[in-house]
**Student:** 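Dumping the structure here so I can ask a few things about it.
In each ligand, atom 1 is the first atom listed, and ligand 1 is the first ligand listed. For reference, positions follow the sequence shown, starting with 1.
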Amino acid sequence: MGLIYKIALPLPLRRLFDYLPPPESTHPLSRGMRVKVPFGKRELIGIILGYSDTPSVPALQLKTISEIVDNEAFFPTSLCDFIEKVAQYYHCPIGEAAFTGTPLAIRQGKSCVKPIPHSPLIFQPSPLALNDHQATALQAICEKSDFSTFLLDGITGSGKTEVYLQATEFFLKQNKQILILVPEISLTGQTLERFIHRFGEGMMLYHSRLSPKKRHETWLKIRENQAAVIIGTRSALFLPFINLGLIVIYEEHDAAFKQQEGVRYSARDSGILRGKMMNCPVVLGSATPSFETLFNVKIAKYHSLSLPKRATNIQLPEVTLLDVRHKKLMGGLSTPLLKSIEEHCQHGQVLLFINRRGFSPTFMCYACHWMARCKHCDARLTYHPQKNALLCHHCGYQSRVPQGCPDCQAAELHPVGQGTQRIESVLQERFPALKMIRIDSDATRKKGELEKRLQAARNNEAPLLIGTQMLAKGHHFPHLSLVAIVDADGGLFSVDFRAVERMAQLIIQVAGRAGRVHQAGKVLIQSFYPEHPLLKMILQQDYGKFAEKLLLDRQQCSLPPYSHLALVRAYAKDQPLPQQLLEEARVALSASHHAISILGPVSAPMLKRQGKYHYQLLLQSPHRKCLHSALSYLTSFLETSKLSKRVRWSLDVDPLEMF
Ligand SMILES: [Zn+2]
Ligand SMILES: [Zn+2]
């Protein structure tokens, strides 16, 4: 028996597949080469990841590689190693990890590699002098040419970006590749422009909205060891870097770094892993670091670099809480808020933040309390007046607005609660002459619309901006003098243990938009629970203290980062099946793995979604190793279970959403 190749194939199975070399091949094949192999009745493109002398299936069943796509290793060894580690950590199918974010042409085994002209790197020298804190941070990062994780902790406006820019410049001068990971490309705003301005041609983008051709080109350029600055979203981590010198993870607390489907990886955590494997420094930046990161600073796993001052010497905004208990509200807006909006619109710009799109989240009959609900989900329908429709934000179901109550035939139905569109229409009615710009996913669906609206907002073409969290992140509006948060209470009573952390981050991020260049800004926050201690702490703008307190709570409840979680989700059309499958898994696990706690199975917070019934099982352990061993057992149990043919299931290691 000769050498057997172990190949990663794009299949939802947690294993490599054995193949024999083609008879005509005289040289051994390398790890990282792409090959075409027969699989059932199909042919698939896979990547060689290993070798063996002994096959894992009877020798007679072994098939032969039908075509060798590359004449040398196409995926660099460091990428192959990274793929293996990601698959191990997340217990995901290795073939899926291997092709995460890989350009289509490469997955299809296209090999026509045109030589790419190397454009010489020209960049603008850093025009800005750093303050002491920035200089210390920059020095710490640049001194380290090997792996280390830094937290660059600084409030909005403290000059983090300039530190990134100068660190990038430093490593670029050493002919290294630099990866800047961002949560979402469209939300990076001016930061992106500053990078483009500084590095020009030497800057490349990598994200899912690029054309397939552009992605293919960038992938090949990186593999050619072209020194460059790459700004990309999650999948850019899987680029074939040869000579990575620095990884920056921009707004590291952002939940968008976690992929919620397919390979459910955290690009922040995997980014740190990649840095470790490539032996380069990793910088996590945030004004509101995640509790996990703060914990890692506390146990000295990460080094903290803080930028305590605003670089431009602007004062922090003045934050005021508006108690709206028993107050008369006009479409959710209190009288003092309306007055402030009117005042600030005369000479400044106002940002009104509400984290809900649409007109109103509920449509109901006051007579019998009937509510419009989705047919396919346990969810209420949101009223969208422009479409004259009720929409489900979970599955896209759309229904016409009923003429009267379907239950009691009352003539009138009422929208209840506020979304961005209702706030907009209330304000249009109140201030008919006022120009306003609304920014949410409904208003910006058309290509280019988001950029257009953001540009108009920056240019102060309208004094009033209304938006969801699309407006909260990264943008810089130089004329903003008032930021108002319409409803701050969202996270206070959620079942998700991370909800309060997220709420605080969002409030601080939104508030950080106020008064950035010309004057100190104002922040107004409406709340029905102004006495709530968490809200009070957020208002004192001491995020560090707030995090400390909440981390203590997490420790007492053994929640992350003091323990490790994995969530198994299962769903099917037949209601009892997913619960049955998870129950079988629980029984098997608790018999074999005593060191982990198993919670459930329970129904998901939204039991019925898109016509399917959802259940979940939570695994928890203070020891990562115990959890890993349980998950290896669990995935093979689920893959081979009879019921799993009728139930879809997925595994989420370190879940960020608990549903
Ligand atoms: Zn009714
Ligand atoms: Zn629905």
**Student:** Does His253 reach the side chain of Thr293, with side-chain heavy atoms less than 4.5 Å apart?
**Tutor:**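 Heavy-atom side-chain distance check fails, nothing below 4.5 Å.
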**Student:** Less than 3.5 Å apart, any donor N or O on the side chain of Ser290 or Glu252 sitting next to an acceptor on the other?
**Tutor:** yes
**Student:** Hey, what's the ring geometry for Tyr90 with Tyr265, parallel, tilted or perpendicular (30° and 60° as the breaks)?
**Tutor:**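 Perpendicular.
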**Student:** Compute the angle centred on the Zn ion (ligand 2) spanning SG of Cys374 and SG of Cys377, and express it rounded to 10 degrees.
**Tutor:**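 It comes to 110°.
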**Student:** Within rounding of 10°, what is the angle whose vertex is the Zn ion (ligand 2) and whose arms end at SG of Cys392 and SG of Cys395?
**Tutor:** 110°
**Student:** Taking the side chain as every heavy atom from C-beta outward, state whether Glu96 and Pro10 have any pair of such atoms under 4.5 Å apart.
**Tutor:**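 They are not in contact (no side-chain heavy atoms under 4.5 Å apart), so the answer is no.
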**Student:** The Zn ion (ligand 2) to His393: any N/O/S contact under 2.8 Å?
**Tutor:**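 Within the cut-off used here (under 2.8 Å), His393 places no N, O or S atom near the Zn ion (ligand 2).
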**Student:** About how large, to 10 degrees, is the angle SG of Cys368, then the Zn ion (ligand 1), then SG of Cys365?
**Tutor:** 110°
